[in-house]
Participant: 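Let me give you the structure first, and then I'll get to my questions.
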Amino acid sequence: MNSKVFMVLRILLGLFVLVFGLNKFLDFMPMGEMSADAGAYFGALVNTKTLTLVALVEIVAGLALIFNKFGALLALILMSVSVNAVLFHATLEPASIPGALVLLILNILVMYGYKDKYAALLK
């Protein structure tokens, strides 16, 4: 992958997760209406502080990707957040899945850009 393309994708993913991670603390982007099941699930994530952990992972991953420090590690950790976001939207809020799909696709592309860092893990 071209290094400039990879840098743009890495920074885009970093900004994407940084903004959404900060939003979980600062609430500057209002959430739309959710179905009852999605609201119950989301409420459980909030009540158990799981959403706080997800926000912290997103913020740390965003900063790591933007500054290219430990980006390969945080992209791998961020994959669990990406997959869970897609599964949440696919099963409970299908109308709002595009953002989660963008997150997953960016995460996959960035991990592909770091493929040389993962070579030793896959031997």
Side-chain angles (χ1 to χ4, degrees):
M1 179 181 298
N2 183 328
S3 64
K4 291 198 186 290
V5 171
F6 174 65
M7 182 183 71
V8 168
L9 291 171
R10 181 178 48 79
I11 291 172
L12 274 175
L13 177 60
L15 288 172
F16 189 88
V17 295
L18 180 62
V19 166
F20 281 94
L22 289 172
N23 184 56
K24 287 175 180 67
F25 288 117
L26 305 175
D27 199 29
F28 52 85
M29 291 186 302
M31 279 194 327
E33 288 294 316
M34 284 191 205
S35 68
D37 289 339
Y41 180 75
F42 205 75
L45 291 177
V46 171
N47 290 335
T48 59
K49 305 295 186 223
T50 303
L51 209 57
T52 302
L53 178 61
V54 170
L56 289 173
V57 167
E58 287 175 337
I59 291 167
V60 170
L63 292 172
L65 290 165
I66 290 168
F67 295 112
N68 201 22
K69 299 291 182 189
F70 305 105
L73 173 63
L74 273 298
L76 189 60
I77 293 169
L78 188 60
M79 183 55 79
S80 64
V81 174
S82 302
V83 169
N84 277 293
V86 168
L87 291 175
F88 169 82
H89 287 285
T91 57
L92 297 172
E93 286 294 317
S96 60
I97 199 168
L101 287 174
V102 168
L103 171 66
L104 181 63
I105 291 167
L106 279 173
N107 203 161
I108 290 169
L109 290 172
V110 167
M111 286 182 67
Y112 179 76
Y114 280 125
K115 70 181 180 293
D116 57 320
K117 305 272 186 186
Y118 304 128
L121 291 172
L122 300 174
K123 281 187 179 180

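Keep in mind that this is a model prediction, so the values were computed, not measured.
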Participant: What are the two closest non-hydrogen atoms of Phe6 and Val110, and how far apart are they?
Facilitator: CE1-O, 3.4 Å
Participant: Cluster question for you: counting only ILVMFWY and a side-chain heavy-atom cut-off of under 4.5 Å, with indirect links fine, are Met31 and Val19 together?
Facilitator: no
Participant: Can you name the closest pair of heavy atoms from Asn107 and Leu13 and give their distance?
Facilitator: CA-CD2, 3.8 Å
Participant: With the 4.5 Å side-chain cut-off for hydrophobic clustering, are Phe20 and Val102 part of the same group?
Facilitator: yes
Participant: Mind jotting down which residue pairs meet the ring pair (Phe, Tyr, Trp, His ring centres under 6.0 Å) criterion with at least one end in residues 55-113? Sequence neighbours excluded, please.
Facilitator: Tyr41-Phe88
Participant: Quick check: do Glu93 and Ile97 have side-chain heavy atoms less than 4.5 Å from each other?
Facilitator: no
Participant: Suppose we screen for side-chain hydrogen bond (donor to acceptor under 3.5 Å, both in side chains). Which residues come up paired with Ser80, at least two apart in sequence or across chains?
Facilitator: none
Participant: Compare all side-chain heavy atoms of Val54 with those of Asn84 and state whether any distance is below 4.5 angstrom.
Facilitator: no
Participant: Can you see which heavy atom on Gly71 is nearest to which on Leu65, and at what distance?
Facilitator: O-CD2, 3.8 Å
Participant: Indicate the ring-plane relationship of Tyr114 and Tyr118, choosing parallel, tilted or perpendicular according to the 30° and 60° boundaries.
Facilitator: perpendicular
Participant: Could you tell me the separation between the CD atom of Glu58 and the CG atom of Leu78, rounded to the nearest 0.5 Å?
Facilitator: 7.0 Å
Participant: Applying side-chain hydrogen bond (donor to acceptor under 3.5 Å, both in side chains), can you list everything that pairs with Ser3, at least two apart in sequence or on another chain?
Facilitator: none
Participant: Report the distance from atom CG of Leu45 to atom OG1 of Thr52, rounding to the nearest 0.5 Å.
Facilitator: 10.0 Å
Participant: Over all heavy atoms of both residues, which pair between Leu103 and Ala85 is shortest? Give the atoms and the distance, please.
Facilitator: CD2-CB, 4.3 Å
Participant: Roughly how far apart are Met111 CE and Arg10 CZ, rounded to 0.5 Å?
Facilitator: 15.5 Å
Participant: How long is the straight-line distance from CD1 of Ile66 back to CG of Leu15, given to the nearest 0.5 Å?
Facilitator: 4.0 Å
Participant: For residues Leu87 and Leu76: do they belong to one hydrophobic cluster (side chain heavy atoms under 4.5 Å, members Ile, Leu, Val, Met, Phe, Trp, Tyr)?
Facilitator: yes
Participant: Just how far is it from atom CG of Asn2 to atom CG of Leu9, taken to the nearest 0.5 Å?
Facilitator: 10.0 Å
Participant: Of all heavy-atom pairs between Ala55 and Gly21, which one has the smallest distance, and what is that distance?
Facilitator: CB-O, 3.6 Å
Participant: Applying a strict under-4.5 Å side-chain criterion to I, L, V, M, F, W and Y, I'd like to know whether Phe28 and Val17 cluster together.
Facilitator: yes
Participant: Is any side-chain heavy atom of Leu104 less than 4.5 Å from a side-chain heavy atom of Met79?
Facilitator: yes
Participant: Could you check if a side-chain atom of Phe25 sits within less than 4.5 angstrom of a side-chain atom of Ile59, using non-hydrogen atoms only?
Facilitator: yes
Participant: Could you give the distance from NZ (Lys69) to CG (Leu74), rounded to the nearest 0.5 Å?
Facilitator: 13.0 Å
Participant: Do Val5 and Ile105 sit in one hydrophobic cluster, given that two such residues count as connected whenever their side-chain heavy atoms are within less than 4.5 Å of each other, even indirectly?
Facilitator: yes
Participant: Give a yes or no on whether Lys117 atom NZ has more than 12 heavy-atom contacts from other residues, nucleotides or ligands under 6.0 Å away.
Facilitator: no
Participant: Can you see which heavy atom on Leu51 is nearest to which on Val46, and at what distance?
Facilitator: CD2-CG2, 3.7 Å
